Amino acid sequence: MQRNSVFADNFAYPFLVKACSLFKQVQMIHTHVEKFGFLNDIFVPNALIDSYCKCGLGGVDVARKLFYTMSERDVVSWNSMISGLVKSGELGEARRLFDEMPERNTWSWNTVLDGYAKAGEMSAAFELFGKMHERNVISWSTMVLGYSKSGDMDMARMMFDKMPVKNLVPWTIMISGYAEKGFAKEAFTLYDQMERSGLKLDSGAFISILAASSESGLLGLGRRIHTSVGRSRFRHSTQVCNALVDMYAKCGSLDKAMKVFDGMVERDVVSWNSILQGLAMHGHGERALELFSRMRCEGFTPNGVTFIGVLCACTHGGLVDDGRHYFSIMGKDYGIVPQVKHYGCMIDLLGRGGHLTEAFKLVQDLPMEPNAIILGTLLGACRKRNNVELTEKVIDQLIKLDPSNANNYSILSNIYATAGHWSNFTKVRLQMKSASTQKLPGASSIELDDGVHEFTVADRSHPQSSRIYKMMDRLGHHLKQVGYVPRAY
DNA sequence: TTAGGGTTAG
């Protein structure tokens with residue numbers, strides 16, 4: 001009896017390898033096929049290269065070794081290796097291999113093209129695109145996406161309009177691109193065109209456009225997509241409904257988010273996380289925590305993202321003790337190792353709750369290097385307490401991490417001004433000038449029927465500017481009457 | 001067996 005007959009033959013191995021997502025599993029099969037001599041069948045090492053690259057964690061290095069030891073390579077071996085290199089960010093080496101290839105097909109070109117587009121190197125992408133002998137929908141879509149992600153919607157549109165054949169993907173990319181950047185009118189018009197052209201959206205298209213709408217708060221477009229979802233066969237899709245919940249929550253329509261959530265046929269952990277985050281974001285700390293216990297009662301296991309929502313809920317509800325409690329149980333009861341983001345939430349919670357020393361201690365004891373977000377959160381807490389000494393310490397670290405961020409200098413100078421330390425104030429102002437940093441004005445935006453309107457401090461560019469400021473004065477007056485005292489800086 | 005859009009995260 002042959003023992004290996006219970007395993008697989010050379011035809012089954014590529015499928016078996018493809019089903020593996022863990023490095024160890026791929027490695028196990030690798031050892032096995034090597035032992036039985038199946039590596040000579042090119043399908044097997046090709047599948048191994050692909051799987052090694054997809055499981056991350058140094059998988060690319062093992063794939064690379066395998067690639068170079070292969071006695072014979074076909075175009076798929078090269079493409080798989082190049083794709084792996086592109087995905088792990090080793091674009092230079094990917095290009096070198098591409099140039100060395102004995103023969104290339106459209107897949108090879110598209111893989112490198114995608115690498116440039118993802119890296120935002122659009123001039124390199126454009127050059128490569130120009131040299132292609134054969135382009136397919138994927139080549140064109142890659143260019144449209146690349147331009148859209150790099151913010152050049154005009155070029156994206158030009159490519160889109162020039163495409164000889166379009167399918168759902170480029171339409172989705174283009175509409176999502178407009179939506180993400182707040183071009184409501186363009187997104188709407190294009191969406192209409194797509195529907196009129198008879199294309200039926202799939203769940204990916206719905207999710208993509210919804211995610212883009214929530215990014216810039218385009219409630220109008222989100223509602224429109226919701227109507228289409230309702231008419232489609234995806235109206236009960238968990239993923240699509242999750243995207244709807246998130247969209248409504250982020251666009252400030254919490255009731256609608258709740259309604260979609262309640263109406264869902266099947267929920268997963270993402271559904272719970274989305275609604276929990278929505279409640280927390282809008283200051284309903286207690287309701288979010290109630291939902292959290294309901295989630296556990298219904299048998300769902302919280303993950304790391306859930307706890308970010310939970311801690312955020314505690315912060316916005318001023319529930320410091322609850323926050324401490326949940327932070328401690330996430331490791332104890334659920335085996336979740338706190339990530340930087342969790343520490344960020346805790347520092348925010350403690351800082352806002354007035355426990356500055358404890359927040360400081362947490363940063364000092366951090367198991368990882370504090371990043372700009374952690375320090376920025378701590379800074380926010382210091383500012384609130386007007387603590388000059390601690391602020392100086394934090395800013396010092398922050399400026400080292402990110403010397404070009406003008407906000408840091410600006411906050412420090414404000415703190416000095418408030419405390420009356422005028423010589424220090426002047427010093428920082430001079431430092432700002434010499435570092436040639438300029439504070440970018442913060443902008444707010446609002447969506448009306450005809451699109452998103454953006455405005456900044458002392459903005460007079462709007463045609464109805466004087467009416468807007470009159471209304472602002474009235475509101476300010478009203479706020480003072482009800483007892484609001486603005487912060488000094 | 002290899003390529004394109006897509007949900008939750010201070």
Side-chain angles (χ1 to χ4, degrees), chain A residues 11 13-15 17-18 41-51 53-54 74-84 86-87 105-115 117-118 136-146 148-149 167-177 201-212 214 237-247 249-250 268-278 280-281 303-309 311-312 315-316 339-349 351-352 371-374 376-378 380:
Chain A
F11 290 110
Y13 275 115
F15 297 101
V17 172
K18 243 179 87 75
D41 184 339
I42 199 152
F43 281 65
V44 177
N46 281 356
L48 277 169
I49 289 175
D50 188 46
S51 292
C53 290
K54 280 182 182 147
D74 64 4
V75 67
V76 178
S77 330
W78 286 87
N79 285 350
S80 303
M81 193 62 239
I82 292 172
S83 163
V86 163
K87 295 234 159 67
N105 58 15
T106 314
W107 292 60
S108 330
W109 287 86
N110 284 348
T111 307
V112 182
L113 195 68
D114 179 53
K118 290 258 160 70
N136 60 15
V137 194
I138 294 177
S139 330
W140 287 92
S141 304
T142 304
M143 291 304 284
V144 176
L145 181 71
S148 167
K149 287 279 174 216
N167 62 16
L168 194 52
V169 176
W171 281 97
T172 308
I173 294 172
M174 203 59 219
I175 296 167
S176 304
L201 279 82
D202 63 8
S203 61
F206 281 130
I207 292 168
S208 174
I209 303 173
L210 282 169
S214 52
S237 147
T238 303
Q239 279 102 319
V240 173
C241 289
N242 288 347
L244 277 169
V245 170
D246 179 58
M247 182 277 295
K250 291 229 174 89
D268 61 11
V269 69
V270 177
S271 329
W272 289 93
N273 289 352
S274 304
I275 192 70
L276 202 136
Q277 178 67 28
M281 212 161 50
N303 62 15
V305 181
T306 317
F307 277 98
I308 289 173
L311 294 175
C312 180
T315 305
H316 293 293
Q339 304 294 305
V340 192
K341 284 193 171 176
H342 298 105
Y343 285 105
C345 290
M346 273 315 279
I347 290 154
D348 198 23
L349 173 83
R352 280 176 202 253
N371 61 17
I373 295 169
I374 293 274
T377 310
L378 195 57

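These numbers were taken from a predicted model, which means no experiment stands behind them. Each chain gets a letter, A, B and so on, in the order the sequences are listed, and its residues count up from 1.
- In the set dT1(B), dG4(B), dG6(B), the nucleotide with an atom closest to the side chain of F43(A) is dT1(B).
- The side chain of Q277(A) places an N or O atom within less than 4.0 Å of a non-bridging phosphate oxygen (OP1 or OP2) of dG10(B).
- Summarising the geometry, the separation between CG on L48(A) and C1' on dT2(B) is reported as 14 Å, rounded to the nearest angstrom.
- A donor-acceptor contact under 3.5 Å is not formed by the side chain of N273(A) with the base of dA9(B).
- Regarding L276(A), its CG atom lies at a distance of 12 Å from the P atom of dG10(B), rounded to whole Å.
- Distance from the side chain of S80(A) is smallest to dT2(B) among dT2(B), dG4(B), dG6(B).
- Between the side chain of S208(A) and the backbone N or O of G204(A) there is no donor-acceptor pair closer than 3.5 Å.
- Between the CG atom of N136(A) and the P atom of dT2(B) there is a distance of 15 Å, rounded to whole Å.
- Summarising the geometry, the separation between CH2 on W140(A) and P on dA3(B) is reported as 23 Å, rounded to the nearest angstrom.
- The base of dG4(B) is paired with the side chain of N167(A) by a donor and an acceptor separated by under 3.5 Å.
- Between the side chain of T377(A) and the base of dG10(B), at least one donor-acceptor pair of N or O atoms lies under 3.5 Å.
- Within the 3.5 Å criterion, the main-chain N or O of V144(A) finds no donor-acceptor partner in the side chain of S148(A).
- In the set dT2(B), dA9(B), dG6(B), the nucleotide with an atom closest to the side chain of W107(A) is dT2(B).
- A donor and an acceptor atom never sit less than 3.5 Å apart when one is taken from the side chain of T172(A) and the other from the base of dG6(B).
- The side chain of K54(A) contributes an N or O atom lying less than 4.0 Å from OP1 or OP2 of dA3(B).
- With hydrogens and angles ignored, the 3.5 Å screen pairs a side-chain donor or acceptor of H342(A) with a backbone N or O of G304(A).
- Listed pair K118(A) / dG5(B) meets the phosphate criterion, a side-chain N or O lying under 4.0 Å from OP1 or OP2.
- Rounded to a whole Å, the CD1 atom of I82(A) is 15 Å from the P atom of dT2(B).
- Nearest to the side chain of P170(A), among dG4(B), dT7(B), dA9(B), sits dG4(B).
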Under the criterion side-chain contact (heavy atoms from CB on, under 4.5 Å), I'd like the reasoning laid out for L145(A) against V169(A): C-alpha separation, chi angles, the key distance, then a yes or no.
CA-CA 10 Å; L145(A) 181 71; V169(A) 176; over 6 Å; no
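- Remark: P of dG10(B) and CE of M281(A) are 9 Å apart, rounded to the nearest angstrom.
- Checked against dT2(B), dG4(B), dG6(B), the side chain of A211(A) finds its nearest nucleotide in dG6(B).
- If you take CG of L210(A) and P of dT7(B), they are 11 Å apart, rounded to a whole angstrom.
- Between the CG atom of N105(A) and the P atom of dG4(B) there is a distance of 14 Å, rounded to whole Å.
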